[in-house]
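Letters A, B, ... are given to chains in the order of the sequence lines, protein chains preceding strands, and every chain is numbered from 1.
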Amino acid sequence: MKKVRVRFAPSPTGFMHVGNARTALFNYLFARHNKGDFILRIEDTDLERHNEDAVKAIFETLNWLTLDYDEVYRQSKRFDIYKKYVDYLLEKGLAYECYCTKEELEKMREEQLKRGEPPRYTGKCRNLTPEEKERLRKEGRKPVIRFKVPENEIIAWDDLVKGHLEFNSSNIGGDFVIVRSNGIPVYNFVVVVDDHLMNITHVIRGEDHISNTPKQILLYKAFGWEIPKFAHLPIILGKDRSKLSKRHGSTSVEEFRKKGYLPESLINFLALLGWYPNEELYKKLASKKEHVEIFTKEELIELFDLKDVNPAPAVFDTTKLDFINEYFIRKLDLDTLYKHLLEFVKVRKDIDIKEENNRLLIKYKNEIYETDKDTFFKAIELTRNYYTTLEDVFVYLKELLKDEYEIDENALKFLRENEDSLKVINAFYEKIKNLEEVLSKEIFKKLVKEIQKELKVKGKRLYMPLRIALTGKMQGLELDALVEFLGKDRVLKRLENFLRKVENA
RNA sequence: GACCCCGUCGUCUAGCCCGGCCUAGGACACCGCCCUUUCACGGCGGUAACGCGGGUUCAAAUCCCGCCGGGGUCGCCA
């Protein structure tokens, strides 16, 4: 068996679309599962539309997703290679110069459409004599090179995802361009040359390439090259079932990264978009798993098979992504989570963590928190059940680290409607003030019990006033954990702040 | 319009190739209950789908035909 070699071949035109990311992921998983190579090839032949920022974004994104590649190529550096193969086709009479202008072609297309015919190049320039070419050149025309497409030939392949596919060569648009008038070859040509030269065994790409495949197969045949296996992945749809695009909301990996999704979450989610593990293989893993649809990258590599890719397109609905992200955030060990956090703040202008010998200076929007690393970790431990994204770490920090806070509408209403609230709070304040031990969960519970007995108040009427006094809100963490975290001094400080506020009101 | 692809709960899907084990399974979301001083977490349970119509067959989500619906592609973009 030949060594499996696959490639991810993005064109650098902007941020990486989640659909592209999924294509990259499936290529990656297939390569690693089969102990093969995963190659990155930047398809930048269209010089006008490409920019280096987009190239950087590709590396950045793959890196962030931890999809490591074995080789990198850039097509813009391979033009001399392609020229050889163009010349070969020209010499063999399998390709020819075409001097039609864009305007002429446009006109031709419109007329064909008007007559209800599919638009195709008619082969007008197939048999130009050297004299005619000379004349056209003198007019200042620069030719493109077209590949001769045979009439009425069945081009078929067994797609690893879609099954048997076939086209009639007469239906693929006529002789197609392989070299532009500026001398630069186009996608359908270079992709074949490169895939051959790079020994690609499996071409795994989006289904929008299905109609390119017959053209490419024709080229393989013209060169007498072995045709790789093709696997066309279904496209990803938006909520309205049309191709996922910017108007559907967040569609680039970059955006999800900025929102605070973990790379492992995105990988897990994207893998499940159009793929599901084979039952038999899965069973072996099942007993070890805490959750049936949470997969690490290693598990995905072990389980991945193109046979299990669903040929139907999938709607991109991030509800499950939220669940997966919440799950990973809850389960990751704190050090790993902290590493992710440091990576995360790098892509956020409004969030920053500065570390200076165990002191942390944390900036979140307009708030600044100063604390030590241990306290920060404790705060995360206490609140991580509430997070959906990494940003939430900072959202929930406020309750734990800021002793100044507003009192919610609802909370005020509760206080008004429950007159014994202030008595409870005052009693609690006195007890804390006179406390000699370190404030712990147990002590807190003991104190509250005492208040319950003394004031004959219990349940919500007992706990809610304390919660409001300590946080200004009607919901939040477990009070005993919060109180223990704050410690005696800060609890007193909060209570004093609160009581002052109430007096003024 | 032409060519091509696709159609199972709201969403992601298992089952389809090789008809019966499907009273259609799982996950997320949603709802309810339990846990609990609140909100979450966690545990338990529930609602919810084979696009439609014909065949074939003792038996069809599964095979065949037609229809309908959705999508993709028709560039000197990739």
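Within 4.0 Å (heavy atoms only), A/Thr45 reaches sugar-phosphate atoms of the nucleic acid but no base atom. The residue A/Lys102 sits close to a base: some heavy atom pair falls under 4.0 Å.
At whole-Å resolution of the value, NZ in A/Lys331 and P in B/C41 are 13 Å apart. Computed from coordinates, the A/Phe230 CZ to B/C4 P distance equals 18 Å when rounded to whole Å. Residue A/Asn410 contributes atom CG, which lies 13 Å from atom P of B/C39 at whole-angstrom precision. Atom pair A/Asn188:CG and B/G75:C1' shows a separation of 11 Å (rounding to whole Å applied). Distance CG (A/Asn51) to C1' (B/A78): 15 Å, rounded to an integer number of Å. Separating the CG atom of A/Leu105 from the C1' atom of B/C74 is a distance of 14 Å, rounded to the nearest angstrom. Here the P atom of nucleotide B/C74 and the CG atom of A/Asn212 are 7 Å apart, to the nearest Å. If you take CG of A/Leu113 and P of B/U73, they are 16 Å apart, rounded to a whole angstrom.
Mapped onto RNA chain B by nearest heavy atom, A/His209 and A/Gly173 fall at different nucleotides, with A/Gly173 at the one closer to the 5' end. For A/Leu237 and A/His164, each mapped to the nucleotide of RNA chain B holding its nearest heavy atom, the one lying further toward the 5' end belongs to A/His164.
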Kindly indicate, with the supporting measurements, whether the criterion side-chain hydrogen bond (donor to acceptor under 3.5 Å, both in side chains) is fulfilled by A/His202 and A/Asn27.
CA-CA 9 Å; A/His202 302 257; A/Asn27 270 285; over 6 Å; no

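Set against B/C41, B/G72, B/C3, the side chain of A/Lys243 has B/G72 as its closest nucleotide. Counting only heavy atoms from C-beta on, A/Asp208 has its side chain closest to B/G72 among B/G72, B/A40, B/G26. Taking the side chain of A/Val292 as heavy atoms from C-beta on, and the options B/A27, B/A78, B/G75, the nearest nucleotide is B/A27.
No donor-acceptor pair closer than 3.5 Å links the side chain of A/His196 to the backbone N or O of A/Pro228. Judged by distance alone, the side chain of A/Ser76 and the main-chain N or O of A/Thr45 form no donor-acceptor pair under 3.5 Å.
Every residue two or more places apart in sequence or in another chain that forms a side-chain contact (heavy atoms from CB on, under 4.5 Å) with A/Thr213 is listed here: A/Trp157, A/Arg205, A/Ile217, A/Phe230, A/His232.
In this structure, A/Tyr121 and A/Phe176 have side chains that are not in contact, with every pair of non-hydrogen atoms separated by 4.5 Å or more. By the 4.5 Å heavy-atom criterion applied to side chains, A/Leu390 and A/Tyr387 are not counted as neighbours. In this structure the side chain of A/Val424 never reaches within 4.5 angstrom of the side chain of A/Ser421, judged on heavy atoms.
Relative to the ring axis of A/Phe59, A/Lys56 does not place its NZ or CZ within 45° and under 6.0 Å from the centre. The cationic group of A/Arg22 lies under 6.0 Å from the six-membered ring centre of A/Phe26 and within 45° of the ring axis, placing it in a cation-pi geometry.
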Readout for nucleotides 42-49 of chain B: B = base within 4.0 Å of protein heavy atom, S = sugar-phosphate only, - = neither; 5' to 3' it is S-------

Go along nucleotides 11-25 of chain B 5' to 3' and tag each nucleotide: B for a protein heavy atom under 4.0 Å from its base, S when only backbone or sugar atoms are that close, - otherwise.
SBSS-----------

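The partner of B/C31 is B/G45, by the rule that a Watson-Crick or G-U pair needs both atom distances under 3.5 Å.
Taking only distance into account, the side chain of A/Ser181 meets the base of B/C76 through a donor-acceptor pair shorter than 3.5 Å. The base of B/A78 is not paired with the side chain of A/Asp44 by any donor and acceptor separated by under 3.5 Å.
The CG atom of A/Asn418 lies 8.0 Å from the CD1 atom of A/Ile468; values are rounded to the nearest 0.5 Å. In this structure, CG on A/Leu495 lies 9.0 Å from CG on A/Asn426, to the nearest 0.5 angstrom.
A close approach under 4.0 Å does not occur between any side-chain nitrogen or oxygen of A/Ser211 and OP1 or OP2 of B/G72. Within the structure, a side-chain polar atom (N or O) of A/His291 is placed less than 4.0 Å from OP1 or OP2 of B/C28. Residue A/Arg109 has no polar side-chain atom (N or O) positioned under 4.0 Å from OP1 or OP2 of B/C74.
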Show the distances under 3.5 angstrom between N or O atoms of the protein and N or O atoms of nucleotides 36-38 of chain B.
| from | atom 1 | to | atom 2 | distance (Å) |
| --- | --- | --- | --- | --- |
| B/U38 | O2' | A/Met474 | O | 3.4 |
| B/U38 | O2 | A/Gly476 | N | 2.9 |
| B/U38 | O2 | A/Gly476 | O | 3.4 |
| B/U38 | N3 | A/Arg467 | NH2 | 2.8 |
| B/U38 | N3 | A/Gly476 | O | 2.9 |
| B/U38 | O4 | A/Arg467 | NH2 | 3.4 |
| B/U38 | O4 | A/Leu477 | O | 3.4 |
| B/U38 | O4 | A/Glu478 | N | 3.2 |

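Applying the salt bridge (charged side-chain N to carboxylate O under 4.0 Å, His left out) test to every pair with at least one member in residues 160-179 of chain A, sequence neighbours left out, gives these pairs: A/Arg126-A/Asp175, A/Lys162-A/Glu207. Annotation: ring pair (Phe, Tyr, Trp, His ring centres under 6.0 Å) contacts involving residues 463-482 of chain A, sequence neighbours excluded, are absent.
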